[in-house]
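Just so you know, ligand 1 is whichever comes first in the structure, and atom 1 is the first atom listed for that ligand.
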Amino acid sequence: MKLGMIGLGKMGYNLALNLLKHNHEVVAYDMDHRSIEKAAEKGALPAPSLEELVSSLSTPRIIWIMVPAGRALHSVIDTLSPLLDEGDIIIDGGNSHYKDSLSLADQLNKQGVYFFDIGTSGGIEGAGHGGCFMIGGDETVFRSIEPLFKDIAVDKGYLYAGKNGSGHFLKMVHNGIEYGMMQAIAEGFEILDKSPFNFDYEEVARVWSNGSVIRGWLMELTESAFSKDAKLNNIRGVMNSSGEGKWTVETALDLQANAPIIAMSLFMRYRSLDTDTFHGKVVAALRNEFGGHAVESTK
Ligand SMILES: O=C(O)[C@H](O)[C@@H](O)[C@H](O)[C@H](O)COP(=O)(O)O
């Protein structure tokens, strides 16, 4: 299939490469023209502007947007929408709030454009080599673009979740769970760090990654982080957040759903902005491992 990719940051660039690897044609645009050149070197068709991206696709166009949620996304959609035709398809694969997706779907549907809110998980590795996609939008139209997901998701790694909003709602809750799981792993290592024993944390994470109940990708990433910095001495335990944990907690409050672990892990992130902790280092290292999110150096 042929599609446009807007936003060639860590995620968009790797998704573009993944699509190219599966013989899809990708017309690539980014505000930073060096990123367009980088994608073109890998086989993407460069689009120097959004107008040129739109004109190089035939209808119904498929345009996948991977830019930061909120203002950046809105600005791209405001520029794109007058250029689109009825039946065109816009995908927002970023971490947008599901309510924002509902209103964008409404706005675009009014002009006959289909909108898909897609929660994308698996970090940079997943984007490039097989990710996880949670998809909200029109089901019939989804079936027409499903081959893309068959190709770029890991086996069983995509779900048509339901009407608009459901994709980003699922991703939001997924991230709330991610906060809780990382916080629990990190607290475990904090206890080890205060214990009278001299544990090798990389080895501990290795053994917990093999056959234990708490094995999984986050534990493997924990092992990887400790293999690079045995006691995480080089980074501060500052646990930043991009908003989805907060949205999960706000939504839980609105729905009167009990989510104490997720709520506490969100508050621990805020607390870490004031004082350094060992578990903060672990979560900071994990965010860096899967998402390439910046860590703060102790130096
Ligand atoms: O599933 C994923 O691949 C991650 O969740 C990814 O989407 C991103 O790295 C997080 O948004 C980081 O979230 P915080 O910045 O809130 O920790």
Open item on the list: Can you name the atoms of ligand 1, numbered from 1 with element, that are less than 4.0 Å from a heavy atom of His174?
Closed with: 1 (O)

TODO: Specify the protein heavy atom at minimum distance from atom 17 (O) of ligand 1: its residue, its atom name, and the distance to 0.1 Å.
DONE: Arg269 NH1, 2.6 Å

Task: Top protein contact for atom 7 (O) of ligand 1, by heavy-atom distance - done: Lys171 NZ, 2.6 Å

Task: Donor-acceptor pair between Ser49 and Glu52 side chains, under 3.5 angstrom - done: yes

- [ ] Could you verify whether a donor N or O on one side chain and an acceptor N or O on the other, from His22 and Asn18, lie under 3.5 Å apart?
- [x] yes

Open item on the list: Once ring pair (Phe, Tyr, Trp, His ring centres under 6.0 Å) is applied, do any residues pair with Tyr13, and if so which ones, sequence neighbours excluded?
Closed with: none

Task: Protein contact to atom 11 (O) of ligand 1 [nearest heavy atom, distance to 0.1 Å] - done: Asn95 ND2, 3.0 Å

TODO: Can you pull out the closest protein heavy atom to atom 16 (O) of ligand 1? Residue, atom name and distance to 0.1 Å, please.
DONE: Tyr179 OH, 2.5 Å

- [ ] Identify, for atom 9 (O) of ligand 1, the protein heavy atom at the shortest distance, and state residue, atom and that distance.
- [x] His293 NE2, 2.6 Å

- [ ] Check whether any N or O atom of Gly122, backbone or side chain, sits under 3.5 Å from an N or O atom of ligand 1, and answer yes or no.
- [x] yes

TODO: Verify whether one side chain among Tyr160 and Glu146 offers a donor that lies under 3.5 Å from an acceptor in the other.
DONE: no

Task: Sub-4.0 Å atoms of ligand 1 with respect to non-hydrogen atoms of Phe290 - done: 4 (C), 9 (O)

Open item on the list: Whether Glu203 and Arg206 form a salt bridge (side-chain N of Lys/Arg under 4.0 Å from carboxylate O of Asp/Glu) is what I want to check.
Closed with: yes

Show the atom names and distances, to 0.1 Å, of all donor-acceptor pairs under 3.5 Å that link a side chain in residues 124-142 to residues at least two apart or in another chain.
| from | atom 1 | to | atom 2 | distance (Å) |
| --- | --- | --- | --- | --- |
| Asp138 | OD1 | Thr140 | N | 3.0 |
| Asp138 | OD1 | Val141 | N | 2.8 |
| Glu139 | OE2 | Arg143 | NH2 | 2.8 |

Task: Closest protein heavy atom (residue, atom, distance) for atom 2 (C) of ligand 1 - done: Ser121 OG, 3.3 Å

Task: Nearest-0.5 Å distance that lies between atom CE in Met182 and atom CG in Leu218 - done: 6.5 Å

TODO: Measure the distance from atom 14 (P) of ligand 1 to every protein heavy atom, then report the residue, atom name and distance (to 0.1 Å) of the closest one.
DONE: Ser242 OG, 3.4 Å

TODO: Look only at interatomic distance and state if Ser241 has a nitrogen or oxygen under 3.5 Å from any nitrogen or oxygen of ligand 1.
DONE: no

Open item on the list: Can you classify the ring geometry of Phe189 versus Tyr201 as parallel (below 30°), tilted (30 to 60°) or perpendicular (above 60°)?
Closed with: perpendicular

- [ ] Check ligand 1 against Arg287 and write out every atom of the ligand that is under 4.0 Å from a heavy-atom position of the residue.
- [x] 14 (P), 15 (O), 17 (O)

Task: Glu202 side chain to Ser227 side chain, donor-acceptor N/O pair below 3.5 angstrom - done: no

Open item on the list: For ligand 1, which is the ligand I care about here, please tell me if Gly123 has any N or O atom under 3.5 Å from one of the ligand's N or O atoms.
Closed with: yes

TODO: Could you check atom 10 (C) of ligand 1 against the protein and tell me its nearest heavy-atom contact, residue, atom and distance included?
DONE: Asn175 ND2, 3.5 Å

